[in-house]
Each structure stands twice: as structure tokens, then as C-alpha cells.
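A short worksheet on the structure shown next.
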Amino acid sequence: MSRTRIAATAAAGSALLLCGAFIFQALGYAPCKMCLWQRWPHVIAVACGFGYIWYRKRPFLWGGAAAALTTSAIGLYHAGVEQTWWEGPSSCTSSGIGGLSVDELLDKILAAPVVRCDEIAWQLAGISMAGWNAIISLALAALWFGAAVSRKRV
């Protein structure tokens with residue numbers, strides 16, 4: 001398969017993941033802060049796909065690979081937060097209330113984001129959306145990498 005076809009496939013994969021995220025959002029699954037973080041590298045990967053198709057420059061392939069690896073890493077981190085393997089950002093995860101006064105607790109409740117990063121909103125086969133993003137994006141990164149090292153130019 002040619003580099004162009006591989007790059008187009010990988011970029012389309014990111015575009016489909018973005019579309020899926022927006023569909024879930026339209027169905028009422030509001031994104032948390034880390035969900036939004038995962039979207040931006042997909043936008044960059046799609047742009048790299050167009051960049052390679054138009055200019056045929058290998059840096060676009062490496063950029064797509066880096067973007068896919070980045071969103072995969074964020075997805076893995078997010079999935080770990082959801083599974084309580086590690087703590088997430090304090091701005092979007094729940095934490096204990098020990099030692100807080102009533103006023104401090106009320107302030108904390110009022111300042112809390114509506115959508116928490118440490119709660120699984122939807123899952124398939126025991127894997128959350130963040131986990132699926134990590135897995136699929138890692139496969140897309142492999143495609144990007146394969147295109148970048150491929151000798152077939154067309």
C-alpha cells in the first residue's frame with residue numbers, strides 16, 4: 001500500500017474517532033476535560049493527513065504519528081484515572097472531603113466541574129471510551145509510522 005493511502009487511512013481513522021466523539025456528545029454524553037484533550041491531537045492528525053496528501057512531505061507523516069501517539073497516551077492516562085489506577089487532575093476528579101469545614105465543602109461542591117474525568121460514562125466490552133481511544137489511536141500511530149518508514153512513495 002502506498003504512503004498516501006496509508007496516511008489517508010490513518011487520517012480518516014482520526015476523523016472517524018472525532019465524529020464518534022461528537023455523536024456521543026449529541027446523544028447526551030458530555031465530554032470531560034480529558035476527553036476534550038484527546039480530541040485536539042486527532043485534529044492535528046487529520047491536518048497532517050491533508051498536508052501529506054497535498055505536499056507529499058514526510059514530516060507530515062511523522063506529525064501524524066506523533067499526534068496519534070499523543071492522543072493514545074492521553075487516552076491511556078484517562079482510562080487509568082477512570083479505573084482509579086492513578087489520580088487525575090484535581091480540576092476534574094473527585095477527592096475526599098476529610099477535614100473540610102461546611103463552608104469549604106460548599107465551595108468545593110460549587111466549584112466542581114459538571115462532568116468528572118474519573119467516572120466512566122460509557123463502555124464496551126469493559127473498556128471505556130478513553131480506553132478505546134487509546135487502543136485505536138495506537139493502531140493509527142502504527143499506520144502513520146509505517147507510512148513514514150515506507151519506501152513506496154506514491
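The first residue of the sequence shown is numbered 1, and numbering continues consecutively from there. Just so you know, these numbers use all the heavy atoms, side chains as well, and skip hydrogens, waters and symmetry mates.
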Closest heavy-atom pair and its distance - [X], [Y]:
| X | Y | result |
| --- | --- | --- |
| L61 | A7 | CD2-CB, 3.6 Å |
| T4 | Y52 | OG1-CE2, 3.6 Å |
| A11 | A45 | CB-O, 4.0 Å |
| A8 | I53 | CB-CD1, 4.0 Å |
| C48 | G63 | SG-C, 3.6 Å |
| A134 | L76 | CB-N, 3.5 Å |

In the single-linkage hydrophobic clustering (I, L, V, M, F, W, Y; side-chain heavy atoms under 4.5 Å), do [X] and [Y] co-cluster?
| X | Y | value |
| --- | --- | --- |
| M129 | W132 | yes |
| W40 | L18 | yes |
| L27 | W122 | yes |
| L138 | I6 | no |
| W144 | V46 | yes |

**Request:** Please list all pairs passing the side-chain hydrogen bond (donor to acceptor under 3.5 Å, both in side chains) test where one or both residues lie in residues 14-37, with sequence neighbours left out.
**Result:**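 For residues 14-37, and leaving out neighbouring residues, the side-chain hydrogen bond (donor to acceptor under 3.5 Å, both in side chains) pairs sorted by first residue read S14-H42, Q25-R39, K33-S91.
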**Item:** Partners passing ring pair (Phe, Tyr, Trp, His ring centres under 6.0 Å) against W85 (at least two apart in sequence or in another chain)
**Value:**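 If we apply the ring pair (Phe, Tyr, Trp, His ring centres under 6.0 Å) test to W85, skipping adjacent residues, there are no hits.
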Would you say [X] and [Y] make side-chain contact, with heavy atoms under 4.5 Å?
| X | Y | value |
| --- | --- | --- |
| L140 | L17 | yes |
| T84 | D118 | no |
| C32 | H78 | yes |
| M34 | Y77 | yes |

Approximate separation, where rounding is to 0.5 Å, of [X] [atom1] and [Y] [atom2]:
| X | Y | atom1 | atom2 | answer |
| --- | --- | --- | --- | --- |
| Q38 | S137 | CD | OG | 7.5 Å |
| I74 | L69 | CD1 | CG | 11.0 Å |
| L143 | S150 | CG | OG | 11.5 Å |

**Message:** Given S128, which partner from the list Q123, E82, Q83 fulfils the side-chain hydrogen bond (donor to acceptor under 3.5 Å, both in side chains) test?
**Reply:**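 It is E82; the other options fail the test.
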**Request:** In sequence, state the C-alpha distance, the side-chain angles, and the governing distance for R3 and R58, and then conclude on side-chain contact (heavy atoms from CB on, under 4.5 Å).
**Result:** CA-CA 9 Å; R3 277 192 250 168; R58 208 178 286 240; 3.1 Å; yes
**Request:** State, without any angle test, whether N133 and T71 hold a side-chain donor-acceptor pair at a distance under 3.5 Å.
**Result:**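 Result is yes, a qualifying pair exists.
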**Item:** T9 side-chain N/O to R5 backbone N/O, donor-acceptor pair under 3.5 Å
**Value:**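 Yes: the side chain of T9 pairs with the backbone of R5.
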**Item:** F145-W62 aromatic ring centre distance below 6.0 Å
**Value:**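 Between F145 and W62, the centre distance is under 6.0 Å.
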**Contacts of T70 that satisfy side-chain hydrogen bond (donor to acceptor under 3.5 Å, both in side chains) - sequence neighbours left out** =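 Listed in chain order: nothing, the list is empty.
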